[in-house]
Amino acid sequence: MEASETAESIHLSDDTEEAIHLSDTEEVIHLSDTEDNETDEPIDLEVSWEDVLDYRKLIVEDVMAKTFKKLEEAEKFYYSYALAISFGPRRDTRGGLFEGKLRRRQWVCNKQGYRDKKLLDRETDGTGRNRRKLTRQGCMAKFRVNYMVDEGYYAVRAFDEDHSHQCANPRQAAFIRSHRNVDEVALGNTNTMTKVSIRPCHAFKYMVEQSGGYITVGFTRNDLYNKLDQQRHTTPFESDSEGALSYMSALAAKDPHFYCRFSVDDEDRLVNIFWRDGNSYVDYMCWGDVLVFDSTYNTNVYGRLLVLFVGSNNHRGSILCGVGILGDETADTYTWLLSTFLDSMKGKKPTAVITDGADSMHIAIGRVMPEARHRLCSWHLSRNAHTNLNSKDA
């Protein structure tokens, strides 16, 4: 989905800019694909191996005699049972509400039902991706509870333990999508380690060692990265963004030639920001014929892209012409950044631009500075040659 954004300028103008296209979502990586109905998303139930030790001994009569005060207790019970038997459950149908409580809820095996025939007749599933692997096998395993109004609890009214397929190996059960979940403790530990320059992959290895292995840690490395990405796009860090904008306003009050412009998304979250001071403006006007346009990763705790506009004076010294922090590296985002940069420099365009060769940068330069000569950085050329050429090719 394309997010409509509002751009604001602290110094030069308060105009709103045209919407730019940013993607605030990233496809989550899963081990298995699923069909429609409700969901088989991982649920934060804190199911552990200690909870499932006695579930393998349960028989149908034991399960049918169960009662639960809350629906969450019934869900945790069936997920614990599924972990013990080594299959993945998912939510299925549900009934209406009675005094704020669901009258009925059913869970099934994630291989319940069959894929729609119209999808089987297509080469793709309608989203532009290749057809996904078939996972539905008509499994009849299910678990349903009904709310007993007079008694005030949930009672089991249907339970089928038979599967039409072979369940997973017990050592693989923890890796089924339904049983993987990054809890708040693991996420908090990762965020703390990230602040002291410990990468998430190393934090994951530490948690694996602490928990006793990959089976008991409760999630995979990709799950952790996906959770961090979800946090980055959904956590409204108003205090930091407001503090940054307040700092920019203070600089603008001291420097009459200071320039800053930023953009926000539909949820009023800061997405992109560009700024330069009066010295950068004077330097660019004097020595702005050649501009180095480079981006740097992993320079802040938010994982945003840092972009520097650097030039060279007549003493061969580097001059900083502007700084940008971006939410992504799409061509539309770079177009917004370059347009904002030129606006801050009264429309003066460089004669040549040097980049690292990124396709999105090349597209943006062609849109905003079509007359400028685009050159590649010699350091990147040397590194690519060293990486891709061996002694036989040389």
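Counting from 1, the numbers follow the sequence of the chain as shown.
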Donor-acceptor pair between Asp277 and Tyr259 side chains, under 3.5 angstrom: no
Would one find more than 12 heavy atoms of other residues, nucleotides or ligands at under 6.0 Å from atom CZ of Arg367? yes
Parallel under 30°, tilted from 30 to 60°, perpendicular over 60°: which one fits the rings of Tyr214 and Phe204? tilted
Mind listing the closest non-hydrogen atom pair of Gly322 and Phe274 along with its distance? CA-CE1, 3.9 Å
Hydrophobic cluster identity match, Val60 and Phe87, side-chain contacts under 4.5 Å: yes
Contact between Met140 and Ser164 at the side-chain level, heavy atoms closer than 4.5 Å - yes or no? no
For residues Cys321 and Gly311, report the shortest heavy-atom separation together with the two atoms involved. SG-N, 4.1 Å
Is the gap between the ring centers of Tyr81 and Phe159 under 6.0 Å? yes
Under 3.5 Å, side chain of Tyr154 to main-chain N/O of Leu102, donor-acceptor pair present? yes
Taking it one step at a time, do Arg171 and Ile215 satisfy side chain to side chain contact (heavy atoms under 4.5 Å, CB included)? CA-CA 7 Å; Arg171 294 184 60 83; Ile215 294 179; 3.8 Å; yes
Are the side chain of Thr135 and the backbone of Lys111 linked by a donor-acceptor contact shorter than 3.5 Å? no
Please report the closest heavy-atom contact between Phe77 and Lys66, naming both atoms and the distance. CE1-CE, 3.8 Å
Do His362 and Thr355 pair up side chain to side chain, a donor and an acceptor below 3.5 Å, judged on atom types alone? no
CE of Met207 to OG1 of Thr190: how many Å apart, nearest 0.5 Å? 3.5 Å
Short N-O contact, Arg180 and Asp223, less than 4.0 angstrom: yes
Between Ile176 and His179, is a side chain to side chain contact (heavy atoms under 4.5 Å, CB included) present by the stated rule, with each step listed? CA-CA 6 Å; Ile176 298 176; His179 301 306; 4.0 Å; yes
Rounded to the nearest 0.5 Å, what's the gap from OG on Ser211 to CD on Glu209? Could you check? 8.5 Å
Looking only at atom types and distance, does a side-chain atom of Ser339 sit under 3.5 Å from a main-chain N or O of Trp336, one as donor and one as acceptor? no
Please walk me through it: do Arg91 and Glu75 pass salt bridge (charged side-chain N to carboxylate O under 4.0 Å, His left out)? CA-CA 9 Å; Arg91 291 173 178 173; Glu75 189 164 60; 2.6 Å; yes
Could you state whether Ile365 and Ile363 fall into the same hydrophobic cluster, counting links through intermediate Ile, Leu, Val, Met, Phe, Trp or Tyr residues with side-chain heavy atoms under 4.5 angstrom apart? no
Within a reach of under 6.0 Å around NZ of Lys348, are more than 12 heavy atoms found that belong to other residues, nucleotides or ligands? yes
For the pair Gln172 (side chain) and Ala168 (backbone), establish whether a donor and an acceptor sit closer than 3.5 Å, ignoring hydrogens and angles. no
Looking only at heavy atoms, what is the nearest atom pair of Asn191 and Gln231, with distance? ND2-OE1, 2.9 Å
Report yes if some heavy atom in the side chain of Val307 is under 4.5 Å from a heavy atom in the side chain of Val323; otherwise report no. no
Take Ile319 and Trp287 through the side chain to side chain contact (heavy atoms under 4.5 Å, CB included) test and state the conclusion after the steps. CA-CA 9 Å; Ile319 57 173; Trp287 302 291; 4.1 Å; yes
How about Phe68 and Tyr147: are their ring centroids closer than 6.0 Å? no
Does the pair Phe293 and Tyr334 meet the rule for a ring pair (Phe, Tyr, Trp, His ring centres under 6.0 Å), with working shown? CA-CA 10 Å; Phe293 181 39; Tyr334 280 132; 5.6 Å; yes
Quick one: CD on Gln106 to OG1 on Thr93, what's the gap to the nearest 0.5 Å? 4.0 Å
Please state whether the rings of Trp107 and Tyr78 are parallel, tilted or perpendicular, taking 30° and 60° as the class boundaries. tilted
Give the cluster check for Met64 versus Tyr153: same hydrophobic cluster or not, with ILVMFWY residues linked at side-chain heavy-atom distances below 4.5 Å. no
Main-chain N/O of Ser344 paired to Arg276 side chain as donor or acceptor, under 3.5 Å: yes
Between Asp265 (side chain only) and Val271 (backbone N and O only), is there a donor and an acceptor less than 3.5 Å apart? no
Donor-acceptor pair, distance only, cut-off 3.5 Å: does the side chain of Ser86 make one with the backbone of Ala173? no
Hey, are the side chains of Lys70 and Glu72 touching, using non-hydrogen atoms and a 4.5 Å cut-off? yes
Give a yes or no on whether Trp275 and Leu308 share a hydrophobic cluster (residues Ile, Leu, Val, Met, Phe, Trp, Tyr; joining criterion: side-chain heavy atoms under 4.5 Å apart). yes
Report the distance from atom OG1 of Thr67 to atom CD of Glu73, rounding to the nearest 0.5 Å. 9.0 Å
Please indicate whether Asp359 has more than 12 foreign heavy atoms, meaning atoms of other residues, nucleotides or ligands, lying under 6.0 Å from its CG. no
If you round to the nearest 0.5 Å, how far is CG of Leu251 from OG of Ser246? 11.0 Å
Does any N or O in the side chain of Asp229 come within less than 3.5 Å of the main-chain N or O of Tyr225, such that one atom is a donor and the other an acceptor? no
Salt-bridge contact Asp343-Arg261 (side-chain N to carboxylate O under 4.0 Å): yes
Rounded to the nearest 0.5 Å, what separation is found between the CG atom of Asn279 and the CG atom of Asp255? 7.0 Å
Please determine whether the number of non-hydrogen atoms from other residues, nucleotides or ligands lying under 6.0 Å from atom CD of Gln166 exceeds 12. no
Under 3.5 Å donor-acceptor, Asn226 side chain and Asn222 backbone: yes
Pair Tyr79, Phe143 - check ring pair (Phe, Tyr, Trp, His ring centres under 6.0 Å), show working. CA-CA 10 Å; Tyr79 273 69; Phe143 176 72; over 10 Å; no
Under a 3.5 Å distance rule, please check whether Arg144 uses its side chain to pair with a backbone N or O of Arg94 as donor and acceptor. no
Same cluster for Phe262 and Tyr247 if Ile/Leu/Val/Met/Phe/Trp/Tyr side chains link at under 4.5 Å? yes
What do the steps show when you test Asp328 against Arg304 for side chain to side chain contact (heavy atoms under 4.5 Å, CB included), and what is the final call? CA-CA 7 Å; Asp328 57 42; Arg304 297 301 175 101; over 6 Å; no
Looking only at heavy atoms, which two atoms of Leu97 and Arg103 are closest? And how far apart? C-CG, 4.2 Å
Where does the angle between the aromatic ring planes of His163 and His165 fall among parallel (under 30°), tilted (30 to 60°) and perpendicular (over 60°)? perpendicular
Neighbour count >12 (heavy atoms, 6.0 Å) for atom CE, Met285: yes
Could you walk me through whether Asn189 and Gln210 satisfy the side-chain hydrogen bond (donor to acceptor under 3.5 Å, both in side chains) test, starting with their C-alpha distance in whole Å, then the side-chain angles of each, then the deciding distance to 0.1 Å, before giving a yes or no? CA-CA 12 Å; Asn189 289 337; Gln210 288 292 103; over 6 Å; no
Without hydrogens or angle criteria, can the side chains of Thr333 and Thr330 be said to hold a donor-acceptor pair below 3.5 Å? yes
Could you point out which residue of Gln137, Lys142, Arg90 forms a side chain to side chain donor-acceptor pair (under 3.5 Å) with Gln112? Arg90
Nearest atoms (heavy-atom pairs only) where Ser178 meets Pro89: OG-O, 2.7 Å
